[in-house]
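Numbered from 1 within each chain, the chains take letters A, B, ... in sequence-line order.
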Protein chains: 2
Amino acid sequence: MCSGPCQRHQDQSGHHQDRINGCCAAGGRVRGFLQPRLLLLLLQQPDYGYALLERLSSEGSTGGVDPGLLYRTLRQMERHDLVRSTWDTEGQGPARRRYEVTPEGVEMLHAWAARITQTQRRLSEFLDQYEKSFEDRKQEEVI
Amino acid sequence: MCSGPCQRHQDQSGHHQDRINGCCAAGGRVRGFLQPRLLLLLLQQPDYGYALLERLSSEGSTGGVDPGLLYRTLRQMERHDLVRSTWDTEGQGPARRRYEVTPEGVEMLHAWAARITQTQRRLSEFLDQYEKSFEDRKQEEVI
DNA sequence: TGCTATATATGACTATGTCATATAGATGTA
DNA sequence: TACATCTATATGACATAGTCATATATAGCA
């Protein structure tokens, strides 16, 4: 429904307002999912922000994230002691902030995984009910 | 991790600040999930806000929603022509606003279902990688 | 010098959700 | 009558995650 540039929910200046999350949004991004993804990536291999951007965007069409969000999220996770960073001045180009997961970060990743498993169950229940509803409706039409 | 009343991320006034979504939050609520749930419930049976609150909270421990959010969401969905409402002054107690799904709302529900299916796939991929990561780590420990 | 790629970061804004509170009709009861 | 409670809808202030635009700075190359 209303994919691509959506006229319906735009004001005169072309900005969206009172937009419904699932509608208009080009990407099918899952909210609150960046942090666990980062924890897992950094656990697999410590890295710096710009490289993480590339690793994320290589995860498929909806994998890419906004650089601003990425850097802010990494700093927030550092404030919460989930990751640690050190400046890396070696190599070419500007200095890089290299992140690695802390033991607390690993614990948090386990908590995220449990939560995501629970979310999956909830989504399954919804989809079951959804399909059931439309099966019933089809049968009613036949009768 | 830090379930129940969380000391870690509180300021002096007892308010939470700079809190991470998955952390501290008592409920495992899925964000952006209320609208499709409402569309499905109203499709199964048209109803008014207060009754929907009860139908939602009977859906298990994480099913309940904030009344303020519910009423605002219903009005928002009406602005977007996903539902329609009429005042019901019959029966006892104050008047009720009775909602029903529009054809546009049904279309939107299909769009939501497609999106939720996609979300499920993404969560599965994450969990697969997560489990794989910790299998590998276990093996390393053995070696 | 100017252009591009790399790298990190902030500002303004939106959407969803949380928590507290306001408003008001109907009903029971002291 | 007064008041307390249940039912029912609604608003205000605020938090968190995400989007979009933009700032800043190093390094290499034409």
Side-chain angles (χ1 to χ4, degrees), chain A residues 9-11 13-38 47-54 56 62 64-80 85 87-99, chain B residues 9-11 13-38 47-54 56 62 64-80 85 87-99:
Chain A
H9 305 128
Q10 281 184 357
D11 58 17
S13 63
H15 286 258
H16 278 86
Q17 236 144 12
D18 188 30
R19 179 175 77 168
I20 290 182
N21 188 309
C23 177
C24 309
R29 281 169 188 79
V30 183
R31 196 183 175 96
F33 197 42
L34 180 55
Q35 295 197 28
R37 286 170 79 200
L38 285 175
D47 224 330
Y48 53 97
Y50 199 82
L52 288 166
L53 273 178
E54 289 174 339
L56 285 165
T62 56
V65 295
D66 176 74
L69 178 61
L70 181 99
Y71 289 113
R72 252 193 289 248
T73 303
L74 287 169
R75 304 289 258 139
Q76 183 200 25
M77 288 164 75
E78 189 165 27
R79 280 199 304 281
H80 287 280
S85 76
W87 280 106
D88 177 7
T89 51
E90 291 175 42
Q92 60 231 44
R96 313 155 164 180
R97 197 188 277 277
R98 184 185 181 74
Y99 286 93
Chain B
H9 304 128
Q10 281 184 356
D11 58 18
S13 64
H15 285 260
H16 278 85
Q17 237 146 10
D18 188 30
R19 180 174 75 167
I20 290 183
N21 187 308
C23 179
C24 308
R29 282 170 187 79
V30 183
R31 195 181 174 98
F33 196 43
L34 179 56
Q35 295 195 29
R37 286 170 80 201
L38 285 175
D47 223 330
Y48 53 97
Y50 199 82
L52 288 166
L53 273 180
E54 289 173 339
L56 285 166
T62 56
V65 296
D66 177 74
L69 178 61
L70 180 99
Y71 289 113
R72 251 193 289 248
T73 303
L74 286 168
R75 304 289 258 138
Q76 183 201 24
M77 289 165 73
E78 190 165 27
R79 280 200 303 280
H80 287 280
S85 75
W87 281 105
D88 176 8
T89 50
E90 292 175 40
Q92 61 230 44
R96 315 155 162 181
R97 198 188 276 279
R98 183 185 181 75
Y99 287 94

For the pair L74(B) and L52(B), evaluate side chain to side chain contact (heavy atoms under 4.5 Å, CB included) and give the outcome as yes or no after the intermediate values. CA-CA 10 Å; L74(B) 286 168; L52(B) 288 166; 4.1 Å; yes

Distance check needed: [N] [atom2] versus [X] [atom1], whole Å only.
X	N	atom1	atom2	result
L74(A)	dT8(C)	CG	P	9 Å
L69(B)	dC14(D)	CG	C1'	14 Å
Y48(B)	dA10(D)	OH	P	14 Å
Y50(A)	dA5(C)	OH	P	9 Å
R29(B)	dA17(D)	CZ	C1'	18 Å
Q35(B)	dG17(C)	CD	P	8 Å
M77(B)	dA15(C)	CE	C1'	15 Å
R79(B)	dT16(C)	CZ	P	10 Å

So which one's nearest nucleotide on DNA chain D is more toward 5', V65(A) or E54(B)?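 Result of the comparison: E54(B).
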
Can you name the closest pair of heavy atoms from V65(A) and L53(A) and give their distance?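 Smallest heavy-atom distance, with atoms named: O-CD2, 3.6 Å.
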
Considering all heavy atoms, the nearest V30(B)-F33(B) contact: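 Heavy-atom minimum between the residues: O-CB, 3.3 Å.
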
Would you mind building the protein contact string for nucleotides 21-30 of chain D? One character per nucleotide, 5' to 3', B for base within reach (heavy atoms under 4.0 Å), S for sugar-phosphate only, - for untouched. -----BS---

Decide side chain to side chain contact (heavy atoms under 4.5 Å, CB included) for Y50(A) and R97(A); before the verdict, give the C-alpha distance in whole Å, the side-chain angles of both, and the deciding distance to 0.1 Å. CA-CA 9 Å; Y50(A) 199 82; R97(A) 197 188 277 277; over 6 Å; no

Can you tell me if the side-chain N/O atoms of [X] get under 4.0 Å from OP1 or OP2 in [N]?
X	N	answer
Y71(B)	dA8(D)	no
R96(B)	dA8(D)	yes
Q76(B)	dT16(C)	yes
R97(B)	dA10(D)	yes

Are R75(A) and R72(A) packed together at the side-chain level, in the sense that at least one heavy-atom pair is separated by less than 4.5 angstrom?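 Of all side-chain heavy-atom pairs linking R72(A) with R75(A), none is under 4.5 Å.
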
Any side-chain to backbone donor/acceptor pair from R29(B) onto G64(B)? Under 3.5 Å, distance only.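 Yes, the answer is positive, given that a donor and an acceptor are paired below the 3.5 Å cut-off.
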
Spacing of W87(A) atom CH2 and Y48(A) atom OH [to the nearest 0.5 Å]: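 Rounded to the nearest 0.5 Å, the CH2-OH separation comes to 12.5 Å.
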
Which one, dA9(C), dA17(D), dT18(C), comes nearest to the side chain of R75(A)?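 Among the listed nucleotides, the one closest to the side chain of R75(A) is dA9(C).
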
